[in-house]
Enquirer: 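What follows is a structure written as structure tokens; I'll ask about it next.
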Amino acid sequence: MRKRFWEKPLESLDREEWEALCDGCGKCCLLKLEDEETGAFAYTRVACRLFDSATCRCGNYPLRRQLVKGCVILTPETLEQNKHWMPATCAYRLRAEGKPLYDWHPLLSGDANSVHDAGISMKNRTLTEYDVDPDELDAHIIEGML
């Protein structure tokens, strides 16, 4: 990968660089609630059925779109239409908004665990969607992550 590729325009990144931009927080895999009047999103601690809470990664990344209806495949082309629901700390969103990555991002820290050590990730902090009644999602909203 190119040196400091994360500072380059997103559309210039190759697939490997694009994938490496993900900090591994797992927040994009959380079920979200949208306020229909305001468009604001609330994140819940309920994760997609494919989310592996121990690794903070998708359990079947190559087939996620086929296995989970509504799973978004984020690309430079789809980022603009999806960034509004992505976490404010997300590297894709930050770079799309012309902002730098946080110091805890693994690309800057050189440590894949820095996102977890900083308390940013959802590692070991989620429930699976099978364990929660869909009508009770609002009881699992995580404050401060709106």
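The first residue in the sequence is number 1, and the count goes up from there.
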Enquirer: Is there a side-chain contact between Y43 and M122 (heavy atoms, below 4.5 Å)?
Expert: no

Enquirer: Quick check: do P106 and H116 have side-chain heavy atoms less than 4.5 Å from each other?
Expert: no

Enquirer: Quick one: does any side-chain atom of E17 pair with a main-chain N or O of R2 as donor and acceptor, under 3.5 Å?
Expert: yes

Enquirer: Determine the sole option in V46, L30, D52 for which the side-chain contact (heavy atoms from CB on, under 4.5 Å) test with T126 is passed.
Expert: L30

Enquirer: Return each pair, listed once, that meets salt bridge (charged side-chain N to carboxylate O under 4.0 Å, His left out) where at least one residue sits in residues 58-78; pairs must be two or more places apart or across chains.
Expert: none

Enquirer: To the nearest 0.5 Å, what is the distance between SG (C71) and OH (Y61)?
Expert: 8.5 Å

Enquirer: Check side chain to side chain donor-acceptor pair (under 3.5 Å) between K99 and all other residues, then give those that pass, not counting sequence neighbours.
Expert: E97

Enquirer: Would a distance-only check, ignoring hydrogens and angles, find a side-chain to backbone donor-acceptor pair under 3.5 Å from T44 to I142?
Expert: no

Enquirer: Identify the heavy atoms of E34 and G39 that sit nearest to each other, and give their distance.
Expert: OE2-CA, 3.7 Å

Enquirer: With no hydrogens and no angle check, is any side-chain donor or acceptor of R45 less than 3.5 Å from a backbone partner on H140?
Expert: no

Enquirer: Do T128 and D131 have side-chain atoms, one donor and one acceptor, less than 3.5 Å apart?
Expert: yes

Enquirer: Side chains of W18 and L74, heavy atoms from C-beta outward: is any pair under 4.5 Å?
Expert: yes

Enquirer: Measure the spacing between CG of D135 and CG of D133 and express it to the nearest 0.5 Å.
Expert: 5.0 Å

Enquirer: Side-chain contact test, heavy atoms from C-beta onward, threshold under 4.5 Å: evaluate it for L50 versus V68 and give yes or no.
Expert: yes

Enquirer: Please walk me through it: do T89 and V115 pass side chain to side chain contact (heavy atoms under 4.5 Å, CB included)?
Expert: CA-CA 10 Å; T89 57; V115 65; over 6 Å; no

Enquirer: Are more than 12 heavy atoms, taken from residues, nucleotides or ligands other than Q81, located less than 6.0 Å from that residue's CD atom?
Expert: yes

Enquirer: Below 4.5 Å, heavy atoms only, C-beta onward: do L31 and E129 meet side chain to side chain?
Expert: yes

Enquirer: Does C25 offer a backbone N or O that forms a donor-acceptor pair with the side chain of S121 under 3.5 Å?
Expert: no

Enquirer: Flag the pair R95 / L79 as yes when at least one side-chain heavy-atom distance between them is below 4.5 Å, and no otherwise.
Expert: no

Enquirer: Is the shortest heavy-atom distance from the side chain of K27 to the side chain of I120 under 4.5 Å?
Expert: yes

Enquirer: Are W6 and L108 close enough, and set up right, to give a side chain to side chain contact (heavy atoms under 4.5 Å, CB included), and what steps lead you there?
Expert: CA-CA 10 Å; W6 56 89; L108 298 180; 3.6 Å; yes

Enquirer: Within a reach of under 6.0 Å around CG of D103, are more than 12 heavy atoms found that belong to other residues, nucleotides or ligands?
Expert: no

Enquirer: Restricting to non-hydrogen atoms, name the atom on N82 and the atom on T78 that form the minimum distance, rounded to 0.1 Å.
Expert: ND2-O, 2.8 Å

Enquirer: If you round to the nearest 0.5 Å, how far is SG of C90 from CH2 of W85?
Expert: 8.0 Å

Enquirer: Is there a side chain to side chain contact (heavy atoms under 4.5 Å, CB included) between W104 and D23 once you walk through the steps?
Expert: CA-CA 9 Å; W104 49 257; D23 59 31; 3.5 Å; yes

Enquirer: For a side chain to side chain contact (heavy atoms under 4.5 Å, CB included) check, start with the C-alpha distance between L21 and L10, then their side-chain angles and the critical distance, and finish with the verdict.
Expert: CA-CA 10 Å; L21 194 55; L10 291 174; 3.5 Å; yes

Enquirer: Are the side chain of Y92 and the backbone of P76 linked by a donor-acceptor contact shorter than 3.5 Å?
Expert: no

Enquirer: Going by heavy atoms in the side chains, are S12 and F5 under 4.5 Å from each other?
Expert: no

